[in-house]
Amino acid sequence: MPELPEVEVVRRGLERHVAGRTIRAAQVLHPRAVRRHQPGAEDFAAAVRGQVIAGARRRGKYLWLPLASAGAAGVAEDALLVHLGMSGQLLLGEPDRPLSAHVRVRFEFTDLGPDLRFTDQRTFGHLVYARGGAVLPALISHIAPDPLEPTFDEAAVIAKLRARHGTVKAALLDQSLVSGIGNIYADEALWRAKIHWARPGSSLTRPAAARLFAGVREVLAEALAAGGTSFDSLYVNVNGESGYFSRSLAVYGREGKPCPRCGAPVRREKFANRSAYSCPVCQPRPRVRASVRDLRHHST
DNA sequence: CATTTATCCTGTAAGC
DNA sequence: TGCTTACAGGATAAAT
């Protein structure tokens, strides 16, 4: 379940239900699930066997479980890194119950309690054994801090955003600038700040950018409090339950329905092979300003 | 170099 | 009722 609030809901579930438990064995049922683990599926399964899950951490949409060798009583050094992709789930299951169709990797525990099933219909998600990755896996060193982290430097991010010529929405979705925001919360934050998605980052005043990040923090926090957003059974917590933030969405997925602020019908536009939802009144399209090159071209 | 696009998958819903 | 097409919450290598 893709964006930050949904991933955080999963992280909390893992902290509660698998932290402190020892992995007895892992079964890789679909090789694509561990495709980014270079040494291969067998190495992956061997690496996690016998490890104690020391906790559950998250940055943006990435999750990792720090691992400590059983019996060593040592600090965790390695980690199991997880990205849920578009349709990934981490579900608890009773060991004697059959596996559903899209279970890609299963982890069994030495206590013989509920197992953990990485379930992923579209197989965009993946798992990696991250050596030395307990604090922060090297594989995600390019992922910027997310807005809910204490180290998130809003002023610095705003400065970078305002130096960009691409659209403000593309910047919000760029995980190397700020992580955790996906298509839903980008649209919702832009609506809250009354900014059209196609405005160049460089066109935002500092106060407008500050408004935008206030909107980002608010919508992420509210969605998290509601247990995340889900439109269908694909986006659920470790116990298979859906969050209920979808009922609080102002524009995302609501084409033609009234803007909660002004009543105008929500508009949908094409954006990078997907959709951007906005209010045509609250978020007017930027007026197209000819680039320097276009001006030169037309004047001759 | 910054920015955009094409691609990896499966399933569902809408349109004909 | 089929069959085809568009679309879905993401990340990334390749292209521009």
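What's counted below: heavy atoms across the whole structure, side chains too, no hydrogens, waters or symmetry copies. Chain naming here is simple, since letters A, B, ... match the order of the sequence lines and numbering starts at 1 in each. A quick note: this is a predicted structure, and the numbers were derived from the prediction, not measured.
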Taken to the nearest whole Å, NZ/A/K270 to C1'/C/dT5 is 11 Å
Kindly assign one of parallel, tilted or perpendicular to the pair A/H126 and A/H83, based on the angle between their ring planes and the thresholds 30° and 60°. parallel
Tell me whether the side-chain N/O atoms of A/R274 come closer than 4.0 Å to OP1 or OP2 in C/dG9. yes
Among B/dA6, C/dA8, B/dT3, the one nearest any side-chain atom of A/N273 is B/dA6
Output field: ring centroids A/Y252/A/Y277 closer than 6.0 Å: yes
Hey, is A/F231 stacking on C/dG9? Ring centres under 5.5 Å, planes under 30°. no
So, are A/R12 and A/E15 salt-bridged, with charged N and O less than 4.0 Å apart? no
Could you check how far NZ of A/K160 sits from P of B/dT3, rounded to whole Å? 13 Å
I want to check one thing: is the phosphate of C/dA11, taken as OP1 and OP2, less than 4.0 Å away from some side-chain N or O of A/H83? yes
side-chain N/O A/T123 vs B/dC8 OP1/OP2, d < 4.0 Å: no
Would you kindly give the CG-to-C1' distance between A/L234 and C/dC7, to the nearest whole Å? 14 Å
Calculate the interatomic distance between A/Q89 atom CD and B/dG11 atom C1'; express it in whole Å. 13 Å
Please measure how far the P atom in B/dC9 lies from the corresponding atom in C/dC3, and state the result in whole Å. 25 Å
For a quick check of understanding: with a heavy-atom distance under 4.0 Å over all strands, which category does A/S275 fall into, base, sugar-phosphate or nothing? sugar-phosphate
Quick one: label A/F245 by what it contacts on the DNA or RNA (base, sugar-phosphate, nothing), any heavy atom closer than 4.0 Å. nothing
For B/dT5, give the paired nucleotide (Watson-Crick: N1-N3 plus N6-O4 or O6-N4; G-U: N1-O2 and O6-N3; both under 3.5 Å), or none. C/dA13
Among C/dA8, C/dG9, C/dA11, the nucleotide that comes nearest once only the side chain of A/R268 is considered: C/dA8
Are OP1 or OP2 of C/dT12 and a side-chain N or O of A/H142 less than 4.0 angstrom apart? yes
Calculate, to the nearest 0.5 Å, the distance between atoms CZ and CD belonging to A/R36 and A/Q38 respectively. 8.5 Å
Is it the case that C/dA8 (base atoms only) and A/R122 (side chain only) share a donor and an acceptor within less than 3.5 Å, ignoring hydrogens and angles? yes
More than 12 heavy atoms of other residues, nucleotides or ligands under 6.0 Å from CG of A/D96: yes or no? yes
Taking only the side-chain nitrogens and oxygens of A/Q175, find out if one of them lies under 4.0 Å from OP1 or OP2 of C/dA11. yes
Between C/dG9 and B/dT3, how many Å separate the two P atoms, rounded to a whole number? 23 Å
A/L84 CG - C/dG9 C1' separation (whole Å): 11 Å
Between B/dT12 (P) and A/Y235 (OH): distance, integer Å: 12 Å
Does A/K61 have a side-chain nitrogen or oxygen under 4.0 Å from the phosphate oxygens OP1 or OP2 of C/dG9? no
Taking C/dG9, B/dA6, B/dG11 as options, the one with an atom nearest any side-chain atom of A/Q121 is B/dG11
When rounded to whole Å, the CG to P distance for the pair A/D174 and C/dT12 reads 11 Å
To the nearest angstrom, the CG-C1' distance between A/D232 and B/dT10 comes to 13 Å
So that I can tick it off, tell me whether A/E188 and A/R192 are bridged by a salt bridge, with the cut-off set at under 4.0 angstrom between side-chain N and carboxylate O. no
I want to confirm an ordering. Mapping A/T167 and A/H102 to their closest nucleotides on DNA chain B, which one lands closer to the 5' end? A/T167
Side-chain N or O of A/R36 versus OP1/OP2 of C/dT12: is the shortest distance under 4.0 Å? yes
